[in-house]
Amino acid sequence: MMMMLSKSVKLLSSSPAAVGGSMAVLAAARASWRRGMRTSSRAAALKPTVFTEFTQLCIEHDAVNLGQGFPDWETPDFVKRAAQQAVDAGANQYTRSAGHLPLVNKLAEMYSPLFERQVDPINELVVTNGASEGGFAVMQA
């Protein structure tokens, strides 16, 4: 399967003329991949997350949902300007998957005294997008 997807990607990137035929190959690869997917027994046994409960309660009580980040207002202009300034300054690439280096360096600096030892920011710290991702990573480790 992976070989089929790799061939599709190579075809897509080879030339504009190849795109038409390669799209069919890619579609076939995706369909084949989907047919082969099965939910594992461990995943099937998982209960809904706390965020599901938060959302249901917020809807029921007409409350602001702070569990998942569903703001119903526009992003403030100063935040938009700061984001644009960051992009203009070159901060427009994905960071490393374990966390932005300046951030993990600062975290290591902050936590080293608490642990009374030097924390290695590269090998001992991981920054996640939230508690669900962090919990998943811990369970998979």
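Residue indices begin at 1 and follow the sequence shown. Note that this is a predicted model, so its numbers are computed, not measured.
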Practice task
Please indicate whether Arg42 has more than 12 foreign heavy atoms, meaning atoms of other residues, nucleotides or ligands, lying under 6.0 Å from its CZ.
Solution key: no
Exercise for the section: State whether the side chain of Thr52 and the backbone N or O of Pro48 hold a donor-acceptor pair below 3.5 Å, judged by distance alone. Expected result: no
Problem - Minimum heavy-atom distance between Arg96 and Pro121, given as atom pair plus value - result: NH2-O, 3.6 Å
Handout entry: Heavy-atom neighbours of Glu53 CD exceed 12 at 6.0 Å
Key = no
Handout entry: Phe136 backbone acceptor or donor facing Gln140 side chain under 3.5 Å
Key = no
Practice task
Could you verify whether a donor N or O on one side chain and an acceptor N or O on the other, from Glu109 and Asn105, lie under 3.5 Å apart?
Solution key: no
Completion exercise
When rounded to the nearest 0.5 Å, the distance separating NE2 of His100 from OG1 of Thr95 is 5.5 Å
Completion exercise
For Phe78, the other hydrophobic cluster members (4.5 Å side-chain criterion, sorted by chain and number) are Val79
Exercise for the section: Could you work out the complete set of other residues in the hydrophobic cluster of Tyr111, with links drawn between I, L, V, M, F, W and Y side chains under 4.5 Å apart? Expected result: Leu101, Leu103, Val104, Leu107, Met110, Leu114, Phe115, Val119, Ile122, Leu125, Val127
Problem - Neighbour count >12 (heavy atoms, 6.0 Å) for atom NZ, Lys80 - result: yes
